S.K.: 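Here it is, the structure, as structure tokens.
Here is the naming used below: chain letters follow the sequence lines, and residue numbers restart at 1 for every chain. On a predicted model such as this, the values are computed, not experimentally measured, just so you know.
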Amino acid sequence: MTDRNASSAVPNGQREGGPRFRFAPSPTGFFHVGGARTALMNWALARRLGGTFVLRIEDTDEARNKPEWTQGIIDALAWIGIAADDEHFEGPHFQSAHAEAHVAAAHRLYEQGDAYYCDLSGQDVQDRAAELGITGYDGYSRDRGLGPAPGRVLRFRVPEGTTVVDDLVRGAVSFENSTIEDFVLLRGNGAPVFLLANVVDDIEMAITHVVRAEEHLPNTPKQQMLWRALGHEPPAWAHVPVLVNEQRKKLSKRRDKVALEQYRDEGYLAEAMVNYLMTLGWTPPGAEEAGSEIAGWPEIEAAFALEDVNLSPAFFDVKKLTAFNKQYIKNMPPDEFVAAASVELPADWDRARFAEIAPHIQERLETLKDVPATVDFLFWPAGADAEPVDYDEASWDKATKPEWSGAFLADVIGAYEALGEHPWDAATLKATMEDLMGRYEIKLGKAQALPRVAVTGRAVGPPLFESFEVLGRDETLRRLHVAADRLGSSAQPTGAGG
RNA sequence: GCCCCCAUCGUCUAGUGGCCUAGGACACCACCCUUUCAAGGUGGCGGCACGGGUUCGAAUCCCGUUGGGGGUGCCA
């Protein structure tokens, strides 16, 4: 069955203008990461092959779909680089606008004898199946010659034989037509179902390549029969594996975090998301030699091929996504990073001050959301009447544990104050502290512990001396004194001294 | 139940009969570097589901088993 000889070259029915791909989401409220992945694949192919990416909103389920969902889809696509104003982009088209064509096609099928009406209700079908010991519809009305009437559904007359689906990623997949029931085309109320609408629209829009998730594979033989019955050669099909969760179940919005928007809001970069999504089932060329799977869109677009897509479901691993995100943040141009990170900052935080510390935190972040907590100490109220530093007590305890800590802190304060008019810069601050270390026979790693907790409240953070420099002489010394006082008073009982 | 798909380290993958004593990435561990945390460097752990074939030779081809997934709507 793995006859993967179908080429990615345009198959039959190509019209001028190159191959036509399509992405046909239904507007259900948010954009699924799995949808993003298939959209990206279609986009890569459409652009490289000089074709078109058609966006079609499948909004035929009136029960749930609002105009804003459509805008949400367009925004989400734009976020991952699929721009509506790109020359390869077409749409959005709305399926609901073609309802008449769908119905007309159904009638044509009926006229041709490829479809017939049936007056059984869903319950009737179930009852008969139970009685006959079979599943699904048994073809009860096939030869009853019923005409259209309210309440009657129109069913496709599945022919005998075998239907072979030529899939670009899986090869030839064959289905025994006898296992496919006469499926519904028009509901009892006359409304067309997805299977039909989808095919009619694809034909109408001259789609040459249908690239979608594996869950649609079982629908494909039915759609292929429809294409033929409607007088057209089917398009090239390609079913890529689904994305699964840690339980290996298809990602679902009910139990899994699948909204693209959510990742965006949580500080993930579009480029990282795009790159990661494309590594699910596929590897950018040269990744092995480079020792990295990080690849920009141009590279991906130039190399992506359906034939190279892996066949098994892939686990959407947020940990790996996060690792990619960290890489991308680290590699951002500095000014771009400042701009992106600033969005996460409270309005009253001084942007200029943030820009000073930015280079020192850029390689320490997993997401943009981590920015505020990393630099917050620079924006705490300053001055004599400011609130006391909110120390992380565990860090404080550990930093004040060494018996020399209090004396060392006092020395640091003394030395820093002795700097007088000397520039308050990181290099000076570091050298000054290092001069003191000899007396205590400690290394910088230990020496900086208490000063760090004193000024930032925590045991970890951006490089210390740079932080002191950005914070400024007055506030740094003030916090150092506050800590010394706190240490002094707590040490009082045992009369600890220098 | 029935139909279809799939099966390489924990995860994502490279691999299309000999280059494989199976390579990379993420995660994890250790060490180095070091101003904490990161980053970087080095090393390590860890896999071809099982059983039959075919072949001089199989992770790669065939069959079966087992396991996983998807679909079975008058949803899309």
Side-chain angles (χ1 to χ4, degrees), chain A residues 1-2 4 24-28 58-61 63-65 95 118 120-122 125 133-136 151-155 165 167 170 173-176 178-181 183-195 197-198 213-221 239 241-242 244 246 248-250 276 279-283 287-294 308 310-317 319-324 326-327 330 360-366 374 395 399 426 430 433-434 443-449 451-453 456 458-467:
Chain A
M1 44 98 249
T2 314
R4 305 176 74 170
S26 54
T28 50
E58 309 226 320
D59 57 351
T60 48
D61 184 2
R64 38 160 202 197
N65 79 71
Q95 186 157 74
C118 175
L120 256 35
S121 69
V125 171
I134 62 168
T135 55
R152 289 181 183 173
V153 299
L154 183 69
R155 285 179 181 273
V165 171
D167 192 290
R170 280 153 216 284
V173 182
S174 73
F175 298 81
E176 216 39 70
S178 60
T179 65
I180 301 172
E181 67 176 39
F183 53 94
V184 171
L185 259 22
L186 251 29
R187 301 187 175 95
N189 64 5
V193 301
F194 153 76
L195 231 33
N198 194 266
E214 187 186 3
E215 64 207 79
H216 290 286
L217 188 50
N219 287 327
T220 310
H239 292 88
V242 294
V244 299
E246 49 273 84
R248 303 241 116 225
K249 299 287 188 198
K250 186 173 72 163
Y276 175 64
T279 65
L280 260 20
W282 182 74
T283 314
E288 186 163 342
E289 300 75 74
S292 166
E293 291 175 337
I294 299 296
D308 297 335
N310 200 67
L311 275 40
S312 330
F315 170 47
F316 182 79
D317 186 0
K319 266 187 150 177
K320 189 161 180 178
L321 199 214
T322 303
F324 271 54
K326 187 165 193 168
Q327 279 292 316
K330 184 181 146 228
H360 304 292
I361 68 166
Q362 201 171 339
E363 66 181 21
R364 283 160 231 267
L365 306 165
E366 293 193 329
T374 306
S395 298
K430 182 182 181 215
M433 189 180 285
E434 282 173 332
K443 290 207 168 186
L444 237 201
K446 290 197 179 230
Q448 55 98 53
R452 176 184 292 282
V453 175
T456 72
R458 287 186 295 267
V460 301
L464 225 224
F465 306 107
E466 285 75 3
S467 296

S.K.: Give the rounded distance in Å between these two atoms: CZ of A:Arg170 and P of B:rC6.
M.R.: 6 Å

S.K.: Does B:rG1 pair with anything, Watson-Crick or G-U wobble, both distances under 3.5 Å, and if so, with which nucleotide?
M.R.: B:rU72

S.K.: A:Leu195 has an atom CG; how far is it from atom P of B:rC75, in whole Å?
M.R.: 12 Å

S.K.: Compare the minimum distances between each of B:rU35, B:rA7, B:rC26 and the side chain of A:Pro463, then state the nucleotide with the smallest one.
M.R.: B:rU35

S.K.: What is the distance from CD of A:Gln448 to P of B:rU35, rounded to the nearest Å?
M.R.: 9 Å

S.K.: Indicate, with a heavy-atom threshold strictly under 4.0 Å, whether A:Asn189 touches base, sugar-phosphate, or nothing.
M.R.: nothing

S.K.: Any N or O donor-acceptor pair linking the side chain of A:Glu289 to the base of B:rG24 at under 3.5 Å?
M.R.: no

S.K.: Could you tell me whether A:Gln327 contacts a base, only the sugar-phosphate backbone, or nothing, with contacts defined as non-hydrogen atoms closer than 4.0 Å?
M.R.: sugar-phosphate

S.K.: Would you measure the distance from the C1' atom in B:rG47 across to the matching atom in B:rC2 and give it in whole Å?
M.R.: 34 Å

S.K.: Need one value for A:Phe183: base, sugar-phosphate or nothing, where a base atom within 4.0 Å counts as base even if backbone is also close, heavy atoms only.
M.R.: nothing

S.K.: Would you mind pulling out the nucleotide paired to B:rA25, Watson-Crick or G-U wobble, both distances under 3.5 Å?
M.R.: B:rU11

S.K.: Check A:Val242 against A:Glu214 and note the closest heavy-atom contact, atom names and distance.
M.R.: N-OE1, 3.5 Å

S.K.: Taking only the P atom of each, what is the distance from B:rA59 to B:rA22 in whole angstrom?
M.R.: 11 Å

S.K.: Do A:Asp167 side-chain atoms and A:His239 backbone N/O form a donor-acceptor pair below 3.5 Å?
M.R.: yes

S.K.: Which whole-number value in Å describes the distance from A:Arg364 CZ to B:rU36 P?
M.R.: 10 Å

S.K.: Watson-Crick or G-U wobble partner for B:rC45, using a 3.5 Å limit on both distances?
M.R.: none

S.K.: For B:rU36 and A:Lys446 - does any side-chain N or O of the residue sit under 4.0 Å from the phosphate oxygens OP1/OP2?
M.R.: no

S.K.: Under 4.0 Å between any heavy atoms, over every strand shown, what does A:Gly188 touch: base, sugar-phosphate, or nothing? Just pick one.
M.R.: base

S.K.: Could you say whether A:Ala426 or A:Thr279 is positioned toward the 5' end of RNA chain B, judged by the nucleotide with the nearest heavy atom to each?
M.R.: A:Thr279

S.K.: Between A:Leu185 and A:Arg155, which heavy-atom pair has the shortest distance, and what is it?
M.R.: CD2-C, 4.2 Å

S.K.: Assign A:Leu464 to base, sugar-phosphate, or nothing according to its heavy-atom contacts below 4.0 angstrom with the strands shown.
M.R.: base

S.K.: Please tell me if the side chains of A:Val453 and A:Arg458 come closer than 4.5 Å, counting only heavy atoms from C-beta onward.
M.R.: no

S.K.: Can you tell me, in whole Å, how much space there is between the C1' of B:rU13 and that of B:rC6?
M.R.: 15 Å

S.K.: When the distance from NE2 of A:His360 to P of B:rA38 is rounded to whole Å, what number comes out?
M.R.: 18 Å

S.K.: Taking C-beta and beyond as the side chain, do A:Asn310 and A:Trp282 meet within less than 4.5 Å on heavy atoms?
M.R.: no

S.K.: Just by modelled atom types, is the A:His216 backbone N or O under 3.5 Å from a matching donor or acceptor in the A:Thr220 side chain?
M.R.: yes

S.K.: Under a 3.5 Å limit for both distances, which nucleotide forms a Watson-Crick or G-U wobble pair with B:rC56, could you say?
M.R.: B:rG18

S.K.: Which listed nucleotide (B:rC26, B:rA76, B:rC74) is nearest to the side chain of A:Val184?
M.R.: B:rC74

S.K.: Write down the distance separating the P atoms in B:rC3 and B:rG64, rounded off to the nearest Å.
M.R.: 13 Å

S.K.: Where the side chain of A:Arg452 is defined as all heavy atoms beyond and including C-beta, which of B:rC12, B:rG40, B:rU36 is the nearest nucleotide?
M.R.: B:rU36

S.K.: Measuring only between side-chain heavy atoms, which start at C-beta, is A:Ser312 closer than 4.5 Å to A:Pro241?
M.R.: no

S.K.: Locate the shortest heavy-atom distance separating A:Leu464 from A:Pro451; write the atom from each residue and the value.
M.R.: CD1-CB, 4.3 Å

S.K.: When you compare B:rC50 with B:rA7, how far apart are their C1' atoms, in angstrom units rounded to a whole number?
M.R.: 12 Å

S.K.: Identify the heavy atoms of A:Val193 and A:Val184 that sit nearest to each other, and give their distance.
M.R.: CG2-O, 3.1 Å

S.K.: What integer number of Å spans the C1' atoms of B:rA49 and B:rU66?
M.R.: 8 Å

S.K.: Pick base, sugar-phosphate or nothing for A:Thr179, based on heavy-atom distances below 4.0 Å to the nucleic acid.
M.R.: sugar-phosphate

S.K.: Between B:rG24 and B:rG46, how far apart are the two P atoms, rounded to whole Å?
M.R.: 15 Å

S.K.: Under 4.0 angstrom, heavy atoms only, what part of the nucleic acid is A:Glu181 near: base, sugar-phosphate, or nothing?
M.R.: nothing

S.K.: Classify the ring geometry between A:Tyr276 and A:Phe324 as parallel (under 30°), tilted (30 to 60°) or perpendicular (over 60°).
M.R.: perpendicular

S.K.: Taking the minimum atom-to-atom distance to the side chain of A:Lys326, which one of B:rC4, B:rA39, B:rG1 wins?
M.R.: B:rA39

S.K.: Side chain of A:Val173, heavy atoms from C-beta onward: which of B:rC5, B:rC3, B:rA76 has the nearest atom to it?
M.R.: B:rC5

S.K.: Any donor-acceptor pair, under 3.5 Å, between the side chain of A:Lys320 and the base of B:rA25, if you only look at N and O atoms?
M.R.: yes

S.K.: Distance check needed: B:rU60 P versus A:Leu311 CG, whole Å only.
M.R.: 15 Å

S.K.: Atom CD of A:Glu363 and atom C1' of B:rU34: how far apart are they, to the nearest Å?
M.R.: 12 Å

S.K.: When rounded to the nearest Å, what value does the distance between P atoms of B:rC45 and B:rG23 take?
M.R.: 11 Å

S.K.: Looking at NE2 of A:His360 and CD of A:Glu466, how far apart are the two atoms once the value is rounded to the nearest 0.5 Å?
M.R.: 4.5 Å

S.K.: Within the structure shown, what part of the strands sits under 4.0 Å from A:Gly461 by heavy-atom distance: base, sugar-phosphate, or nothing?
M.R.: base

S.K.: For the residue pair A:Lys326 and A:Leu365, what are the closest heavy atoms and their distance?
M.R.: CG-O, 3.2 Å

S.K.: Is A:Lys320 salt-bridged to A:Glu293, cutoff N-O under 4.0 Å?
M.R.: yes

S.K.: Only pairs with both distances under 3.5 Å count, Watson-Crick or wobble alike; so what is the partner of B:rG67 in this structure?
M.R.: B:rC6

S.K.: Do any N or O atoms from the side chain of A:Arg248 and from the backbone of A:Ala314 form a donor-acceptor pair under 3.5 angstrom?
M.R.: no

S.K.: Expressed as a whole number of angstroms, how long is the span from A:Glu466:CD to B:rU35:P?
M.R.: 11 Å

S.K.: Give each protein N/O atom lying under 3.5 Å from an N/O atom of nucleotides 14-16 of chain B, with the pair distance.
M.R.:
from: B:rA14; atom 1: OP2; to: A:Asn310; atom 2: OD1; distance (Å): 3.1

S.K.: For A:Ser121, answer base if it contacts any base atom (sugar-phosphate contacts may also be present), sugar-phosphate if it contacts only those atoms, and nothing otherwise; contact means non-hydrogen atoms under 4.0 Å.
M.R.: base

S.K.: Nearest to the A:Arg187 side chain among B:rU35, B:rC75, B:rA39, which nucleotide is it?
M.R.: B:rC75

S.K.: Nearest of B:rC12, B:rG1, B:rA25 to any side-chain atom of A:Ala314?
M.R.: B:rC12

S.K.: Within the structure shown, what part of the strands sits under 4.0 Å from A:Leu120 by heavy-atom distance: base, sugar-phosphate, or nothing?
M.R.: base

S.K.: Polar-atom pairs under 3.5 Å, protein N or O versus N or O of nucleotides 64-70 of chain B: list them with distances, or write none.
M.R.:
from: B:rG69; atom 1: OP1; to: A:Lys249; atom 2: NZ; distance (Å): 2.6
from: B:rG70; atom 1: OP1; to: A:Lys250; atom 2: N; distance (Å): 2.9

S.K.: More 5' along RNA chain B: A:Pro462 or A:Val153, using each one's nearest nucleotide?
M.R.: A:Pro462

